[in-house]
Amino acid sequence: MTHTTLGIIGLGAMGAPMARHLLDIHGSLTITARRPQPDLVEAGATWAETPRELAASVDALLVMLPDLPQLEEVLSGDDGLLAGIRDSGLLLLIGSTSSATGVRALAERLSAETDGRVRVVDCPVSGGEDGAKAATLSIMLGGADDEASLATELLAPCGNPVHLGPLGAGQVAKACNQMVVSATILALGEATVLADRSGIDLDKMWGLLAGGYAGSRLLDSRREKLVTGDDSPSGVAKYMVKDLASAAEIADATGTRPVLLPTLRAAFDEIVESGLGDQDIAVSRRFVAER
């Protein structure tokens, strides 16, 4: 394995299990977070008190924060990441699901501010909390060949990293992924309501349909939630709003006139406006039932 020292910031539902896999395979990992992480420290991770201390001790840093604004919060200031970057530089791996344009602009700015010491690869992931725990994530890489090659080696313990193109390519792929996920979960929610109001046993129906063309990993992952009506959060619905906005930005940039995307955006805007945005995306069942 590479001798590149690695850190991670963003130890939530996705970042924490990823950190465990990175630590197990690479043998060392430096972490920091708003709250103590005794389990990871006990497992062998090195704790950094601040983002600055973290940046000063690693060659590469994986960021698993929700979006770029949260990354900006830990970049600047006396204790920010930029204050601690070593002369040898830092490979910044942006695992957040963000705007491709925004990632490119941030990379250009960071390179200018640090005389090229910060290099950026975008690496959003798909597979949800289940995939993070099982180390089966699809990891979408965008960046220069050398940096993406190193990122592939560093992130391999978490799943399947694939270099898709220049910087921002990972975010474009993730936007495409989120279009499919949002359309699928809305269809699953609507179908569940129709079947339930028609007196059909939901568990039997989804067990049957899962073996046909309606089957998907999303159905496998959310089947129990759809059947029971449990929409306690795993993949939070409100994040889909920003993801679909990124997809719309790409559609505009490529001269594409999508059919489904405007409807998907309107639906998830309505989910958030109705107060359901902090629930799991399986809240599509409740959302449709209450309309």
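Remark: the Ser98 side chain and the Asp67 side chain contain an N/O donor-acceptor pair separated by less than 3.5 Å. Judged purely by distance below 3.5 Å, without hydrogens or angles, the side chains of Thr254 and Thr256 pair a donor atom with an acceptor atom. Using modelled atom types and a 3.5 Å distance limit, the side chains of Ser232 and Lys225 yield a donor-acceptor pair.
Summarising the geometry, atom CG belonging to Asp269 is positioned 8.5 Å from atom CG belonging to Leu244; distances are rounded to the nearest 0.5 Å.
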Can you give me every donor-acceptor pair (side chain of residues 199-212, partner residue at least two apart or in another chain, under 3.5 Å) with its distance?
unit_1 : atom_1 : unit_2 : atom_2 : d
Asp201 : OD1    : Asp203 : N      : 3.0
Asp201 : OD1    : Lys204 : N      : 2.9
Asp203 : OD1    : Arg223 : NE     : 3.4
Asp203 : OD1    : Arg223 : NH2    : 3.2
Trp206 : NE1    : Thr192 : OG1    : 3.1

Would you be so kind as to tabulate the donor-acceptor pairs closer than 3.5 Å made by side chains of residues 132-151, with sequence neighbours excluded?
unit_1 : atom_1 : unit_2 : atom_2 : d
Lys133 : NZ     : Glu129 : OE2    : 3.3

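Here the shortest heavy-atom pairing between Ala16 and Leu40 reads O-CD2, 4.4 Å. Annotation for Pro161 and Gly159: closest pair CD-O, 3.3 Å, computed over non-hydrogen atoms. When every heavy atom of Pro124 is checked against every heavy atom of Thr97, the shortest pair comes out as CB-OG1, 4.2 Å. Across Leu29 and Ile8, no two heavy atoms sit closer than the pair CD2-CG2, 3.8 Å.
When Val121, Leu155, Ile9 are each tested for a side chain to side chain contact (heavy atoms under 4.5 Å, CB included) with Leu62, only one passes: Leu155.
Listed by first then second residue, pairs satisfying side-chain hydrogen bond (donor to acceptor under 3.5 Å, both in side chains) with a partner in residues 117-128 read Ser126-Asn177, not counting sequence neighbours.
Salt-bridge formation is not detected for the pair Glu249/Arg104: no Lys NZ or Arg NE/NH1/NH2 atom is positioned less than 4.0 Å from an Asp or Glu carboxylate oxygen.
Using a distance-only test at 3.5 Å, with no hydrogens or angles considered, no donor-acceptor pair links the side chain of Arg222 to the main chain of Ala282. Checking side-chain atoms of Ser96 against main-chain N and O of Leu65 turns up a donor-acceptor pair under 3.5 Å.
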List the steps and the verdict of side-chain contact (heavy atoms from CB on, under 4.5 Å) for Leu106 and Ile94. CA-CA 11 Å; Leu106 176 63; Ile94 301 180; 4.0 Å; yes
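Atom CD of Glu42 has 12 or fewer heavy atoms from other residues, nucleotides or ligands within 6.0 Å.
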